[in-house]
Amino acid sequence: MSRDLTPPPVLGVVMAGGANRRYDGHPKALETVGGVRIADRVIAVLRQATARVVMVANDPDTFAVLGLEMRPDLQPGMGALGGIHTAVCWAEEAQCRAALVVACDMPFVPVALLRRLVDELGPGEIVAPASASRRRLEPLCAGYGIDCRPAIEAALARGERHVISFFKDVTVRTLPKDEVARFGDPELIFLNVNTPEDRERAEAIARMAQGPS
């Protein structure tokens with residue numbers, strides 16, 4: 001009898017664990033870019049790259065309009081690390097090998113990049129794209145294997161809140177800059193819409209992508 005060697009699926013997780021009120025007092029993920037809500041853009045690309053899409057949101061009522069399964073952080077008040085912990089635990093419960101997370105305010109993350117992360121992702125590691133940020137990678141558009149859970153929980157027990165605080169304790173593989181650049185300009189791929197000015201920039205990018213009307 002042949003064995004099924006298909007790896008377990010990856011859970012797609014939209015990260016909306018923060019207050020999401022930095023955008024002019026409104027939930028930034030529900031603002032539109034190019035006529036489409038930012039969160040809907042993120043959901044659409046995750047659905048094309050993963051088997052199932054859910055959301056980590058500490059204010060589920062705000063995002064109920066999106067129609068996703070939602071959970072708040074398992075350990076409230078622990079910042080982005082608490083959100084990653086919740087995503088990884090949910091992936092383990094769902095019998096997935098990993099969680100692929102994308103911040104709810106990134107309107108231009110390409111499907112091809114997410115599929116590349118999924119292809120590289122194993123249960124005992126992190127796969128993250130290189131970026132121009134001070135961290136040199138983008139932890140909120142990255143894959144987290146379920147076997148990273150003990151290291152995450154150890155960091156939380158130490159009172160850590162920063163998402164990369166446990167990276168030294170697990171295997172982290174970074175997609176290099178030249179590979180990330182194949183999917184688009186890294187500064188645009190990982191653009192966060194935090195302010196009205198960010199949204200204006202995103203609208204201009206969306207118009208350019210659509211071409212002349």
Side-chain angles (χ1 to χ4, degrees), residues 7-18 29 38-39 41-43 45-56 73 78-92 94 96-153 155-156 160-192:
V10 170
L11 183 69
V13 185
V14 183
M15 300 296 290
I38 298 169
R41 286 173 168 265
V42 175
I43 293 166
V45 292
L46 275 171
R47 280 184 171 151
Q48 295 177 70
T50 60
R52 175 182 169 195
V53 179
V54 299
M55 175 178 269
V56 172
D73 287 346
M78 298 306 293
L81 184 59
I84 296 297
H85 175 241
T86 304
V88 169
C89 289
W90 201 342
E92 184 175 15
C96 294
R97 71 181 187 273
L100 178 64
V101 308
V102 179
C104 65
D105 59 354
M106 288 184 178
F108 302 122
V109 173
V111 174
L113 172 61
L114 298 186
R115 288 175 174 164
R116 183 74 176 92
L117 294 174
V118 168
D119 288 344
E120 291 291 317
L121 189 53
E125 60 194 8
I126 297 167
V127 179
S131 77
S133 73
R134 56 185 173 79
R135 294 175 292 209
R136 298 185 181 178
L137 51 75
E138 182 44 70
L140 291 180
C141 178
Y144 295 83
I146 58 172
D147 291 346
C148 295
R149 178 177 176 178
I152 298 172
E153 291 179 345
L156 290 171
E160 301 281 4
R161 293 168 54 90
H162 297 294
V163 68
I164 66 170
S165 60
F166 73 99
F167 279 26
K168 64 184 182 302
D169 301 318
V170 297
T171 299
V172 180
R173 292 196 293 121
T174 305
L175 291 186
K177 289 181 180 180
D178 58 348
E179 185 167 355
V180 175
R182 297 176 189 171
F183 304 108
D185 183 341
E187 289 193 16
L188 303 185
I189 288 174
F190 306 124
L191 173 67
N192 295 101

If you apply the rule side chain to side chain contact (heavy atoms under 4.5 Å, CB included), what do you find for Asp147 with Glu92, and how did you get there?
CA-CA 9 Å; Asp147 291 346; Glu92 184 175 15; over 6 Å; no

Let's go through Leu81 and Ser165 carefully: what are the C-alpha distance in whole Å and the side-chain angles of both, what is the deciding distance for side chain to side chain contact (heavy atoms under 4.5 Å, CB included) to 0.1 Å, and is it a yes or a no?
CA-CA 8 Å; Leu81 184 59; Ser165 60; 3.5 Å; yes

Would you please test Arg97 and Val10 for side chain to side chain contact (heavy atoms under 4.5 Å, CB included) and show each step?
CA-CA 6 Å; Arg97 71 181 187 273; Val10 170; 3.5 Å; yes

Should Val54 and Leu11 be marked as a side chain to side chain contact (heavy atoms under 4.5 Å, CB included) after you check the CA-CA gap, both sets of side-chain angles, and the distance that decides it?
CA-CA 8 Å; Val54 299; Leu11 183 69; 4.0 Å; yes

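Side-chain contact between Cys96 and Pro9 is present, with heavy atoms from C-beta onward closer than 4.5 Å. Annotation: side chain of Arg116 is not in contact with side chain of Arg182 (no heavy-atom distance under 4.5 Å). Counting heavy atoms from C-beta outward, Cys104 and Val14 have side chains that approach closer than 4.5 Å. Looking at Trp90 and Ile146, their side chains never come closer than 4.5 Å, going by heavy atoms from C-beta outward. The shortest distance between side-chain heavy atoms of Met55 and Val13 does not fall below 4.5 Å.
Here the CE-CG distance, from Met106 to Leu140, works out to 5.5 Å after rounding to the nearest 0.5 Å. The structure places CD1 of Ile84 at 13.5 Å from CE of Met78, a figure rounded to the nearest 0.5 Å. A distance of 11.5 Å separates CZ in Arg173 from CD1 in Ile126, rounded to the nearest 0.5 Å. Rounding to the nearest 0.5 Å places OH of Tyr144 at 13.5 Å from NE2 of His85. Note that CD of Glu160 is 12.5 Å distant from CD1 of Ile152, once rounded to the nearest 0.5 Å. Note that CG of Asp185 and CZ of Phe108 are 11.5 Å apart. Values are rounded to the nearest 0.5 Å.
At distances below 3.5 Å, not a single donor-acceptor pair connects side-chain atoms of Glu153 with backbone N or O atoms of Pro150. Under a 3.5 Å cut-off, the side chain of Arg115 and the backbone N or O of Gln48 do form a donor-acceptor pair. Checked by atom type and distance alone, the side chain of Ser131 pairs as donor or acceptor with a backbone atom of Ser133 at under 3.5 Å.
Closest approach of Val101 and Pro139 over heavy atoms only: CG2-O, 3.9 Å. When all heavy atoms of Val53 and Thr50 are compared, the closest pair comes out as CG2-OG1, 3.7 Å. Scanning both residues, Val163 and Arg135, for their nearest heavy atoms gives CG1-NH1, 4.2 Å. Between Glu138 and Ala142, the shortest heavy-atom distance links the atoms O-CB, 3.6 Å. In plain terms, the two heavy atoms of Cys141 and Leu113 that are nearest each other are SG-CD2, 4.3 Å. Contact detail for Gly145 and Leu121: the closest heavy-atom pair is N-CD1, 4.3 Å.
For the side chain to side chain contact (heavy atoms under 4.5 Å, CB included) with Pro129, the lone residue among Val109, Leu114, Leu117, Ile189 that qualifies is Leu117.
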